[in-house]
There are 2 protein chains.
Amino acid sequence: MDYPSKLIEEAVNQISKLPGIGKKTALRLALHLIKESEASTFSLTEALNNLRSKIRFCNQCHNISDAEVCGICSSHKRDKSLLCVVEESKDVMAIENTSQYNGIYHVLGGIISPIQGVGPTDLKIESLINRLNAADSEIKEVVLALSPTMEGDTTAFYIHKRIKGLPLKVTVIARGVPVGGDLEYADEITLGRSIAGRTLFN
Amino acid sequence: MDYPSKLIEEAVNQISKLPGIGKKTALRLALHLIKESEASTFSLTEALNNLRSKIRFCNQCHNISDAEVCGICSSHKRDKSLLCVVEESKDVMAIENTSQYNGIYHVLGGIISPIQGVGPTDLKIESLINRLNAADSEIKEVVLALSPTMEGDTTAFYIHKRIKGLPLKVTVIARGVPVGGDLEYADEITLGRSIAGRTLFN
């Protein structure tokens with residue numbers, strides 16, 4: 001496509017680098033910005049620049065944070081004996097949204113994936129081991145909340161192998177049929193696991 | 001949703017002001033930027049700032065332009081006797097993409113829409129009349145390429161009324177069944193117009 005302006009072309013090229021945004025959507029967004037006030041574009045770009053340059057990560061759980069220690073790690077209301085291991089910050093947000101968990105977290109920053117060249121040393125696994133081994137550690141249970149995929153299982157298996165000598169209870173989140181789902185549409189592996197992992201009715 | 005950082009929250013709020021982008025997509029984009037290098041965020045925001053602050057509009061056709069007169073208006077290869085009236089810059093891009101048109105353009109910057117409070121004076125209609133009335137005007141045909149909607153028809157009707165005294169041929173783009181479409185799925189109005197507007201087979 002020929003753009004009427006180099007400025008448009010450059011903006012479209014940059015916007016379409018974002019995930020899930022193609023050239024057509026990028027053009028629509030660029031034309032939208034031209035129609036809006038200059039101030040609204042500057043508010044957007046300032047927010048993005050601030051986000052990228054000022055964002056920090058909690059030095060305990062490695063979650064996104066505004067301070068050196070995040071709100072969850074520094075809260076006195078959280079159960080420090082329960083540690084949930086997740087892949088990314090967005091998983092913390094998803095779990096927080098359920099209001100079903102009151103422990104603390106550990107964000108690995110990814111998942112073991114030989115295909116994408118991500119090994120255990122690229123993740124915050126040593127940091128996890130150090131947290132669990134620390135003399136002042138209160139952690140009694142580690143919940144592995146990783147994606148139910150091949151990579152998630154590999155990562156969970158690796159972490160379990162590294163920590164199985166420690167006096168800890170290691171659990172994984174339940175796998176089964178999704179709430180509101182129809183049994184008939186559940187795939188065999190999910191249904192099989194939900195039968196194998198059946199719990200007492202109460 | 002609770003965000004782990006005020007920076008994330010502000011970025012999500014700003015990104016989700018863009019058309020077609022909700023809070024969830026905005027969060028995905030913000031987390032993507034955090035993962036990428038600082039330089040890539042700065043390239044993006046610089047492109048957007050440049051776009052918004054440096055963009056100009058051709059003083060003849062009002063299309064988006066890098067210079068005072070756009071590439072189409074200043075080209076010697078374009079047919080200056082043929083003028084196509086469109087709603088927005090993106091319509092110019094769409095028509096240019098077809099490679100079927102070699103005339104010049106006039107971008108109205110919108111369409112007459114009483115519901116949205118857009119009247120003829122909010123658009124570049126006076127500017128169009130002035131162009132057509134200019135002593136050195138070479139324009140012999142005006143093609144009205146407006147959307148086939150109520151607003152588009154109103155705008156076309158208004159423009160036609162204003163210019164019908166001039167020695168010009170006024171045409172509209174053909175309305176009919178889309179190429180590749182199935183007759184059975186065309187709506188009655190479109191099909192009706194395509195029958196009424198039938199042309200010689202050759």
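- Looking at A/Ile21, the atoms closer than 4.5 Å to chain B (heavy atoms on both sides) all sit in the side chain, from C-beta outward.
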Practice problem: Decide side chain to side chain contact (heavy atoms under 4.5 Å, CB included) for A/Lys17 and B/Ser40; before the verdict, give the C-alpha distance in whole Å, the side-chain angles of both, and the deciding distance to 0.1 Å. | Solution: CA-CA 9 Å; A/Lys17 281 182 187 166; B/Ser40 68; over 6 Å; no
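- When the candidates B/Leu18, B/Ile72, B/Val92 are compared by the number of heavy-atom contacts under 4.5 Å with chain A, B/Leu18 comes out ahead.
- Here CD of B/Glu38 is found 9.0 Å from CG of A/Asn49. Values are rounded to the nearest 0.5 Å.
- Closest heavy-atom contact between A/Arg52 and B/Thr41: CG-OG1, 3.4 Å.
- If you tally non-hydrogen atom pairs under 4.5 Å between each of A/His32, A/Glu96, A/Arg56 and chain B, the highest count goes to A/His32.
- Note that CG of A/Leu7 and CG of B/Asn50 are 6.5 Å apart. Values are rounded to the nearest 0.5 Å.
- With chain A as the partner, the residue from B/Ser65, B/Ala30, B/Cys58, B/Ala47 showing the most heavy-atom pairs under 4.5 Å is B/Ala47.
- The pair A/Lys35-B/Glu88 counts as a salt bridge, with a side-chain nitrogen and a carboxylate oxygen less than 4.0 angstrom apart.
- Taken to the nearest 0.5 Å, the NZ atom of B/Lys54 stands 14.5 Å off from the NZ atom of A/Lys6.
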Practice problem: Mind running side chain to side chain contact (heavy atoms under 4.5 Å, CB included) on A/Asp66 and B/Ile8 for me, showing each step along the way? | Solution: CA-CA 9 Å; A/Asp66 284 334; B/Ile8 292 261; over 6 Å; no
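- Only the side chain of A/Leu31 comes within contact range of chain B, with heavy atoms under 4.5 Å apart.
- The shortest heavy-atom contact between A/Pro19 and B/Leu29 is O-CD2, 3.7 Å.
- Counted within 6.0 Å of CD on B/Gln116, heavy atoms from surrounding residues, nucleotides or ligands total 12 or fewer; the atom is thus considered open.
- Distance check: A/Ser5 OG to B/Ile64 CD1 gives 7.0 Å after rounding to the nearest 0.5 Å.
- Using a 4.5 Å cut-off between heavy atoms, B/Ala94 touches chain A through its backbone atoms (N, CA, C, O) alone.
- Heavy atoms of other residues, nucleotides or ligands lying less than 6.0 angstrom from NZ of A/Lys23 number more than 12.
- Neither the backbone nor the side chain of A/Ala67 comes within less than 4.5 Å of any heavy atom of chain B.
- Both the backbone and the side chain of B/Leu51 come within contact range of chain A, judged by heavy atoms closer than 4.5 Å.
- Separating the CG atom in B/Leu33 from the CD1 atom in A/Ile55 is a distance of 11.0 Å, to the nearest 0.5 Å.
- Of all heavy-atom pairs between B/Gln14 and A/Leu44, the closest is OE1-N, 3.7 Å.
- The number of heavy-atom neighbours closer than 6.0 Å to CD of B/Glu9, taken from other residues, nucleotides and ligands shown, is above 12.
- Proximity to chain A is absent for every atom of B/Thr25, based on heavy atoms less than 4.5 angstrom apart.
- In terms of heavy-atom pairs under 4.5 Å with chain B, the best-connected choice from A/Asn97, A/Asn63, A/Leu27, A/Ile34 is A/Ile34.
- The choice from B/Gly71, B/Cys70, B/Ser37, B/Gly20 that makes the most heavy-atom pairs within less than 4.5 Å of chain A is B/Ser37.
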